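The next block holds one structure in the form of structure tokens; read it before the comments.
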2 protein chains.
Amino acid sequence: MPKSLRTPPGDALTNLMLDLFRLNSLLLTAGDRLVTRLGLTSARWQILGAIVNAERPQPVAWLARDLGANRQNVQRIVNDLHSEGLVTLAVNPHHRRAQLVVLTDKGRRAFDAAMALQAPWVNGLAEGLPVKDLQTVHRVVTALRKKLESSDEIEDRA
Amino acid sequence: MPKSLRTPPGDALTNLMLDLFRLNSLLLTAGDRLVTRLGLTSARWQILGAIVNAERPQPVAWLARDLGANRQNVQRIVNDLHSEGLVTLAVNPHHRRAQLVVLTDKGRRAFDAAMALQAPWVNGLAEGLPVKDLQTVHRVVTALRKKLESSDEIEDRA
DNA sequence: CTGTTATTGACATCATGATGTCAAATCGCT
DNA sequence: AGCGATTTGACATCATGATGTCAATAACAG
């Protein structure tokens, strides 16, 4: 079978992808284990991070866009976080339905605790890897992300 | 908040992870779209790939180990593939319960068709990215994977 | 040969993500 | 002001992945 259908970069990227999927799965389960005793999961943690990172309270749909995730799933997790008191919903002066998601003290404490656990974990994981290489990885990952996102837009318009 | 809890590589890896999750999600949905008209999904495609790649027929549990996935989920998807005629189960002379998973002609055709769609897609995606950088990415990803897998083993023994 | 352990498939449960639909609310244009 | 398009949350469905349990089978130690 002619593997020559692929260009050299295409071939290199193909070889990369399976390992990428596997790394993603490993990172998620490691993250789950890391924060499980805080009542968090990777997904909840990620959403708390988006809330913290935004600085200004945002409605759910905006958080979802920031994360590149589906509105509906983010909504479900935010609802869970709300019923567990990690998050409150504040009235949005600009939109009656789209309430603003705000961290509670409990939510802030949970997020800080997660970050405190994350630091030594990620330090160990990254130990021995040149920062230069990690930056290269970041650059390539971002480039691929941009390409996929822009082709998504093209297909959406179609 | 002292970000100084993290080493420089740890910090670089942290910055990388969110984009990595997002890229993973984008790749999976792009893969789904690519092969959906073949009756495939990313997960099914990946499992067909593992069967092809193994050359010798294997039972489900071995395929799962090759993929770094859960036995139970691979089993479910293999069952689906079986009921759709992409795969047959052959008697294993060494183990009465653990039947061997074998591609049917239909399964082979579906896999080949998927790869034929994948080539131009991945070529476009990888276009302009230096092979050298992609190799660096692969090296880093593999290193991280190895670290996470070995620490998994340690925790399993505990 | 026997008892213990490991492997394997079947079954079940839950968390997450993708997708579609709907009604309410908002926005933009006229 | 009014009307259509867009945004948003609620609800539902399905695919996938992680996890646990169970019984059948196999492998191994004695």
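Here is how names work: the chains are called A, B, and so on, in the same order as the sequence lines, proteins then strands, and each is numbered from 1. Quick caveat: nothing in here was measured; it's all calculated off a predicted structure.
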Side chain of A/Asp19, backbone of B/Thr142: donor and acceptor closer than 3.5 Å? no
Just verifying a value: how many Å separate A/Leu148 CG and A/Lys146 NZ, rounded to the nearest 0.5 Å?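 Rounded to the nearest 0.5 Å, the CG-NZ separation comes out at 12.0 Å.
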Is a salt bridge present between B/Lys147 and A/Glu127, judged by a nitrogen-to-oxygen distance below 4.0 Å?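 Between A/Glu127 and B/Lys147 there is no salt bridge, as every charged N stays at least 4.0 Å from the carboxylate O atoms.
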Using a strict threshold of under 4.0 Å (side-chain N to carboxylate O), is an ion pair present between A/Lys106 and A/Glu84? no
Does a nitrogen or oxygen in the side chain of B/Trp62 sit under 4.0 Å from OP1 or OP2 of C/dT8? yes
Matching residue for A/Phe111 among A/Leu40, A/Leu48, A/Ile47, A/Val35 - test: side chain to side chain contact (heavy atoms under 4.5 Å, CB included):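 It is A/Leu48, the one option of A/Leu40, A/Leu48, A/Ile47, A/Val35 that forms the side chain to side chain contact (heavy atoms under 4.5 Å, CB included) with A/Phe111.
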What is the distance from [atom1] of [X] to [atom2] of [N], rounded to the nearest Å?
{"X": "A/Gln99", "N": "C/dT26", "atom1": "CD", "atom2": "P", "answer": "12 Å"}
{"X": "A/Leu81", "N": "D/dG9", "atom1": "CG", "atom2": "C1'", "answer": "16 Å"}
{"X": "A/Leu63", "N": "D/dT7", "atom1": "CG", "atom2": "P", "answer": "16 Å"}
{"X": "A/Gln75", "N": "D/dA12", "atom1": "CD", "atom2": "C1'", "answer": "14 Å"}
{"X": "B/Asn79", "N": "C/dA12", "atom1": "CG", "atom2": "P", "answer": "13 Å"}

List the protein contact pattern of nucleotides 14-26 of chain D with one symbol per nucleotide (5' to 3'): B for base contact, S for sugar-phosphate-only contact, - for none; contact means a heavy-atom distance under 4.0 Å. --BBBBBB-BBSS
Modelled atom types, side-chain donor and acceptor of A/Thr41 and A/Asp32, under 3.5 Å: no
